[in-house]
Protein chains: 2
Amino acid sequence: MGRYELTGEVLELVAQRFRALAEPARLQIIDALRNREMTVTELGSKTGLGQANLSKHLQILHNLGFVARRKTGLFVHYSLADRRVFQLCEIVCDRIDGEATSRRRLLAP
Amino acid sequence: MGRYELTGEVLELVAQRFRALAEPARLQIIDALRNREMTVTELGSKTGLGQANLSKHLQILHNLGFVARRKTGLFVHYSLADRRVFQLCEIVCDRIDGEATSRRRLLAP
DNA sequence: CATTAGCATCACTATATAGCAATATAGTGT
DNA sequence: ACACTATATTGCTATATAGTGATGCTAATG
């Protein structure tokens with residue numbers, strides 16, 4: 001949008017990216033990778049997600065370029081490939097924050 | 001994220017917002033409202049969405065505070081309630097653009 | 001009051017996907 | 001070659017939701 005044209009194909013691509021972030025489990029993974037890369041096992045114990053489930057989420061995030069993988073021996077280390085996700089989350093959190101604030105104003109003006 | 005804590009509840013709220021944008025039809029609606037408010041019928045002919053379907057999408061966008069409604073007689077006019085959506089879309093489009101560019105570089109270095 | 005127009009809602013079907021258990025694959029050490 | 005470990009993949013079930021047609025609701029009009 002803005003300088004971009006929103007043809008049907010682009011709409012689908014954009015929606016796909018948002019869909020990747022539309023899942024608490026994946027947001028949790030992204031947050032876990034905020035400060036350092038982690039192996040799948042580490043992510044598992046940090047997020048509490050099952051191994052197969054976690055692996056699928058990581059595939060999705062990887063296919064869309066949100067995370068990068070680095071394999072060393074048996075381990076696969078995942079890291080953030082694009083820190084702009086945090087910009088996205090910030091904007092959304094600001095919105096939620098703002099809504100909560102104005103709701104509070106309604107209740108206790 | 002960032003200055004926000006990502007408890008389970010917040011994760012769900014954030015994911016909910018992204019989910020609202022994870023649908024081409026709703027992105028199309030938001031894009032249609034970029035320059036001016038529109039009635040449901042106008043949105044229908046602009047987007048090609050069925051009336052019932054369109055109405056449901058508008059409820060979702062309205063419940064989450066993305067659009068505002070204004071009723072005059074028989075008509076309900078919808079407008080954007082928060083133009084920060086475009087910031088979100090811009091960031092995502094930039095990402096897609098960047099991926100396309102680097103893919104091209106790989107094929108024809 | 002009856003009719004019509006614009007929108008919302010309901011009931012339903014079809015599709016997508018999160019989560020889980022089981023199995024497969026690949027690297028490591030014995 | 002064998003056993004073990006870390007991930008990936010597959011097959012499945014359960015749930016969510018996009019789309020559609022029918023129906024409901026409300027406001028304008030005759």
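Just so we're on the same page: letters track the sequence lines, and every chain starts at 1.
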Could I get a table of every N or O pair under 3.5 Å where one atom is in the protein and the other is in nucleotides 19-21 of chain D?
from, atom 1, to, atom 2, distance (Å)
D/dG19, OP2, B/Asn53, OD1, 3.3
D/dG19, OP2, B/Asn53, ND2, 2.8
D/dG19, OP2, B/His57, NE2, 2.7
D/dG19, O5', B/Asn53, ND2, 3.0
D/dG19, N7, B/Lys56, NZ, 3.2
D/dG19, O6, B/Lys56, NZ, 3.0

Close side-chain approach of A/Asp31 to A/Arg34, heavy-atom, < 4.5 Å: yes
4.5 Å side-chain heavy-atom contact, B/Leu49 and B/Ile29: yes
Residues which pass side chain to side chain contact (heavy atoms under 4.5 Å, CB included) with A/Ala52, listed by chain and number, not counting sequence neighbours: none
Round to the nearest Å and state the distance from [X] atom [atom1] to [N] atom [atom2].
| X | N | atom1 | atom2 | result |
| --- | --- | --- | --- | --- |
| A/Met38 | D/dT7 | CE | P | 11 Å |
| A/Gln16 | C/dT17 | CD | C1' | 14 Å |
| A/Leu43 | D/dT7 | CG | C1' | 12 Å |
| A/Leu61 | C/dA18 | CG | P | 10 Å |
| A/Leu58 | C/dA18 | CG | C1' | 14 Å |
| B/Gln59 | C/dA8 | CD | C1' | 7 Å |
| A/Gln28 | C/dA18 | CD | P | 14 Å |
| A/Glu42 | D/dT7 | CD | P | 8 Å |

Within one Ile-Leu-Val-Met-Phe-Trp-Tyr cluster: [X] and [Y], side-chain cutoff 4.5 Å:
| X | Y | value |
| --- | --- | --- |
| B/Phe18 | B/Ile96 | yes |
| A/Met38 | A/Phe86 | yes |
| B/Val92 | A/Leu13 | yes |
| A/Phe75 | A/Leu54 | no |

Parallel, tilted or perpendicular: ring planes of B/His62 versus B/Tyr78, cut at 30 and 60 degrees: perpendicular
Would you indicate, yes or no, if [N] has its OP1 or OP2 atom less than 4.0 angstrom from a side-chain nitrogen or oxygen of [X]?
| X | N | answer |
| --- | --- | --- |
| A/Tyr78 | D/dA6 | no |
| A/Arg69 | D/dT7 | no |
| A/Thr39 | D/dT7 | yes |

Donor/acceptor link under 3.5 angstrom from A/Gln51 side chain onto base of D/dA6: no
Salt-bridge contact B/Glu90-A/Arg84 (side-chain N to carboxylate O under 4.0 Å): no
List, with names and distances, any nitrogen or oxygen atoms from the protein found under 3.5 Å away from nitrogen or oxygen atoms belonging to nucleotides 24-30 of chain C.
none

Residue A/Val76, side-chain atoms from C-beta onward, closest of D/dT7, C/dA18, C/dC7: D/dT7
Touch class at under 4.0 angstrom, heavy-atom based, for A/Ile60 against every strand present: sugar-phosphate
